[in-house]
Trainee: 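Okay, handing you the structure first.
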Amino acid sequence: MKINSPLEAYKYLPQTNCTECGEPTCMAFASKLIDRSAKPSDCPPLIKEKKYTKKLAELERLLAPEIREVVLGVGEKAAKIGGDDVLYRHKLTFFNKTKMFFDVADTMGEADLIERVKKIADFKKFYVGRNLLVDGVAIRAASNDPTKFAAAVKKVAEVGLPMIFCSFNPAVLKAGLEAAKDKNPLLYAANKDNWKEVGELALKYKVPVVVSAFNDLDALKTLAKTFAEAGIKDIVLDPGTYPSGKGLKDSFTNFLKIRRAGIMGDTDIAYPIMALPLTAWMAGVADPVSTSYWETVLASIFTIRYADIMILHSMEAYAVLPEVHLAETIYTDPRSPVSVEGGMYKVGEPDKDSPVFFTTNFALTYYTVESDIAANGIVCWLLAVDTDGIGVEAAAAGGQLTAAKVKDAFDKAGFDLKKDVNHNTVIIPGLAARIQGDLEDALDAKVKVGPMDSGRIPGWMEKNWPPK
Amino acid sequence: MAKKVKLSEVTDMFKGMEILSLEGVKIEGDIEIDLSGLLGGGGFDPMLAAILGQESAMLAQHFGRIASMFGVPVGMGAPAAVGGVAPGVSPALAAPKLKDLIPAKFDVSKIAEWTTQIQEVPLGNTSADGGTRGKQVIVGGEKALPFYFDAPMPHRNQVTIDVFDMRIGLAKAVKENYDEVMDSPGEWAKKNVDKFNADMITIHLISTDPLVKDTSAKDAAKTVEEVLQAVDVPIAIGGSGNPQKDPEVLSKAAEVSEGERCLLASASLNLDYAKIAEAALKYDHDVLSWTQLDMNAQKELNRKLMKQCNVPRDRIIMDPTTAALGYGLDYAYTNMERIRLAALMGDDELTFPMSSGTTNAWGARESWMVGSPLGQDSDWGPREYRGPIWEIVTGLSLAIAGNDLFMMMHPTAVAVLKQITQTLFGTLEAEPVNIASWIEAEV
Ligand code: SF4
């Protein structure tokens with residue numbers, strides 16, 4: 001973004017405070033533009049009235065993110081990459097989580113291919129109220145045969161995930177494009193040898209394209225600039241991902257340099273970056289588990305330092321789980337609150353027989369406990385104790401979770417264990433077991449120690465509830 | 001309790017169970033769980049939350065060669081005939097829009113605002129400084145974010161491996177490595193150094209917690225002496241996490257290890273930090289300044305240590321708290337990154353090296369639970385491989401954010417973290433790889 005204060009954005013708004021955008025004033029809307037929670041097109045007058053056309057165009061130019069946004073695929077599952085404005089997440093937030101594409105080869109047998117693609121499409125990990133997913137399929141033209149590649153593309157296209165076509169051979173890429181019309185795949189890749197042909201394909205089929213130059217940023221920028229001048233807008237950069245040794249250090253440095261230059265205004269190189277942790281499988285590591293670990297290590301480094309999209313191989317849960325969690329970690333909006341409001345929450349429609357749990361008001365802890373309970377159909381009272389947004393274990397150790405605090409939380413919530421339930425019992429987190437005695441005294445109630453992980457509440461309930 | 005079970009049998013036993021809960025203990029037979037008195041015993045003990053491991057001989061086998069991870073010839077099965085550049089370019093495709101390359105030079109400047117160097121803090125005294133350690137470790141000294149091209153990093157990351165002063169419940173994947181030494185802190189420490197390549201040892205005096213064994217400060221200090229005798233690497237000394245007792249325990253430990261320049265872990269705002277600082281000064285040690293994900297609290301504690309307790313700058317290391325991947329790592333990561341950036345830009349209340357309780361990763365259910373407690377999740381796969389990678393990714397993320405010293409547990413996690421941080425640091429070489437052939441490579 002070229003501007004950073006609401007006042008600067010305000011200049012380009014109609015300034016009528018008509019409230020059509022849902023904000024009370026144009027100034028309030030301008031603030032949302034600056035923190036990127038609204039776009040200029042959310043102001044109806046700006047769009048509808050002709051006299052604002054110029055202002056709208058100018059505002060959109062000023063507000064455009066430093067790193068270009070590129071979309072791959074079509075429909076609901078389309079993957080948007082790039083769009084960042086900062087080098088560190090705390091400065092605003094990162095946009096468009098790093099997209100994880102997993103490889104298939106056009107030399108795979110049909111059954112294997114379909115099974116693998118299905119596995120990619122079906123991967124799911126529940127996390128704080130949503131599912132973490134992986135994003136698409138990278139089809140490697142291992143055969144280097146246009147017919148074989150086109151056949152593989154047809155099969156993969158059926159599942160509807162975004163695709164990356166991987167070949168340095170323009171004839172192969174073209175066959176793929178013909179086989180999957182209007183699917184908007186990403187072409188991998190144009191390099192110093194094939195750039196004319198691959199560039200023409202990108203123009204003709206209107207698809208995004210990767211430019212590739214290994215460990216040569218001048219060459220990479222040259223390719224990107226050449227393509228941009230020819231009218232190709234959707235460009236992704238591949239500076240090379242070396243899997244080990246000095247090559248890896250160089251690759252890390254290249255990612256840092258490209259993103260820094262882009263954020264600082266070098267528009268010729270301000271594009272999304274692609275990493276290939278899959279190269280771990282070429283590094284000569286002896287056994288598959290170690291190799292998969294190393295691939296996850298590479299994925300982690302480049303999730304943190306600026307890859308917007310990556311191609312991976314291992315679909316083992318011990319690879320994919322940490323990878324999707326780290327992308328979520330880095331791209332979670334740091335402006336969202338750390339804590340939930342302290343107080344008594346209902347899970348389902350609890351009554352006087354329902355159990356009473358408590359946990360801390362650290363948002364992550366709270367939502368984890370709540371989803372574990374709700375997902376298992378347990379109806380209960382759940383008290384969020386205000387621990388300054390610190391988790392159970394740390395709060396119990398650090399003195400933010402004491403018997404007095406818990407009693408205070410019950411009092412503040414106006415919840416009376418002797419009246420609102422008929423069992424006068426509280427179940428405390430296993431990790432806060434140390435306060436059991438104190439809490440019994442403070443509340444004059446029965447205190448049962450629950451499991452150390454809320455994932456075990458269902459099993460615990462079977463054995464321990466209702467209390468005898 | 002001595003029945004031996006194979007991995008396959010164990011897996012069979014658990015088939016059809018949604019998750020393994022505490023009840024599973026009985027089933028596993030030879031897996032020893034000891035939680036007596038340890039529930040919630042303090043802030044130090046995420047390992048205690050990791051109840052069960054699984055047969056991990058397979059793991060050991062897989063990682064047997066990890067020390068020479070890249071010591072084997074490269075070039076996995078890429079067919080020699082197919083190069084990176086494709087044949088069969090159709091000339092008909094070439095069109096006028098893309099005629100010539102428009103040459104461009106890439107250039108990017110260094111960050112001018114990074115004006116301040118992080119304090120170098122030595123750990124461990126050799127005979128030259130009046131101690132008995134075989135080597136000294138130095139952390140800190142950076143002038144840029146870790147591994148950045150703006151300025152070379154003067155010292156590599158260091159790993160200190162945990163030792164506990166009593167037998168405790170650990171995930172099987174971890175415990176398998178330590179089982180025979182768990183009753184002897186000295187042997188345990190030795191194994192960490194000799195077998196697992198620990199740069200340092202952390203001795204956690206957890207038995208001093210009044211809710212655990214209430215070991216006296218005096219007796220606990222003997223354990224510290226035992227560890228110092230057993231190994232000659234620098235050591236960190238941890239309390240039990242009990243704020244009433246830790247200052248006394250750490251002071252006594254500091255006294256018996258006088259002159260060794262240990263790291264006292266830790267001073268925090270909720271205990272008598274002055275007493276710990278005083279012991280550090282009197283007996284020649286460093287202080288770990290521990291706060292909970294709060295940069296301002298970190299500044300406050302550092303300020304108090306420096307101004308009120310007169311701790312010199314080269315004796316302070318910070319622990320701004322490590323939360324596990326999936327359980328608050330976003331806060332821990334950003335907290336460290338902000339601290340380091342503020343320090344580089346001149347905030348002299350934050351220009352200290354950082355330490356991470358990376359072991360906290362074992363508190364994440366993904367690192368130890370048999371399967372997901374939520375039915376709709378994709379299969380979580382074998383857990384014996386999830387734990388170490390959870391510890392690696394948690395640690396590596398913080399290494400990139402600016403962390404210097406890692407308190408860790410699983411030998412594989414230690415080996416891989418060292419491999420990657422030293423690669424980015426620039427001291428590890430590997431055979432060059434022809435990545436241009438990745439499209440055809442057999443993977
Ligand atoms: S819709 Fe546009 S003109 Fe109306 S208040 Fe919002 S910003 Fe102002």
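Model, not experiment: these values are computed from the prediction. In what follows, chains are A, B, ... by sequence order, proteins preceding strands, each numbered from 1.
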Trainee: Any side-chain heavy atom of B/Q419 sitting closer than 4.5 Å to one from A/V297?
Mentor: no

Trainee: With rounding to the nearest 0.5 angstrom, report the CH2 to CH2 distance, B/W438 to A/W281.
Mentor: 15.0 Å

Trainee: Does a side-chain heavy-atom distance below 4.5 Å link B/V416 with A/W294?
Mentor: yes

Trainee: Does the A/R140 side chain pair with the main chain of B/I439, one donor and one acceptor, at a distance under 3.5 Å?
Mentor: yes

Trainee: At a heavy-atom separation under 4.5 Å, does A/F252 approach chain B through its side chain, its backbone, both, or neither?
Mentor: side chain

Trainee: For B/D377, does its backbone N or O pair with a side-chain atom of A/K124 as donor and acceptor, under 3.5 Å?
Mentor: no

Trainee: Could you tell me whether the side chain of A/I301 reaches within less than 4.5 Å of the side chain of B/F147, counting heavy atoms only?
Mentor: no

Trainee: Taking atom CD of B/E429 and atom NZ of A/K246, what is their separation to the nearest 0.5 Å?
Mentor: 7.5 Å

Trainee: Less than 4.5 Å apart, any side-chain heavy atom of B/I435 and any of A/T241?
Mentor: no

Trainee: Taking atom types as modelled, is there a side-chain donor on B/S109 or A/R260 under 3.5 Å from an acceptor on the other?
Mentor: no

Trainee: What heavy-atom pair brings A/D218 and B/K105 nearest, and what distance separates the two atoms?
Mentor: OD2-NZ, 3.1 Å

Trainee: I'd like to check B/L293 versus A/I390 (side-chain heavy atoms, cut-off strictly below 4.5 Å). Are they in contact?
Mentor: no

Trainee: So for B/E366, is it side chain, backbone, both, or neither that comes closer than 4.5 Å to the heavy atoms of chain A?
Mentor: side chain

Trainee: Answer whether the closest heavy-atom distance between the side chains of A/T296 and B/V393 falls below 4.5 Å.
Mentor: yes

Trainee: Got a second to check how far B/Q292's CD is from A/D388's CG, nearest 0.5 Å?
Mentor: 9.5 Å

Trainee: Partners of A/H325 by ring pair (Phe, Tyr, Trp, His ring centres under 6.0 Å), sequence neighbours excluded?
Mentor: A/Y127, B/W390

Trainee: Using the rule given for side-chain contact (heavy atoms from CB on, under 4.5 Å), can you reason through A/R305 versus B/L145, listing the C-alpha separation, both sets of side-chain angles and the distance that settles it, and then say yes or no?
Mentor: CA-CA 12 Å; A/R305 292 296 182 222; B/L145 281 179; 3.7 Å; yes

Trainee: Would the distance check show the side chain of A/R89 and the main-chain N or O of B/D330 forming a donor-acceptor pair, the cut-off being under 3.5 Å?
Mentor: yes

Trainee: What closest approach, in Å, do B/P373 and A/G455 show between heavy atoms, and which atom pair accounts for it?
Mentor: CB-O, 3.7 Å

Trainee: Heavy-atom distances under 4.5 Å only: say whether A/I311 touches chain B with side chain, backbone, both or neither.
Mentor: side chain

Trainee: Side-chain contact, heavy-atom cut-off 4.5 Å: B/Y385 with A/E316?
Mentor: no

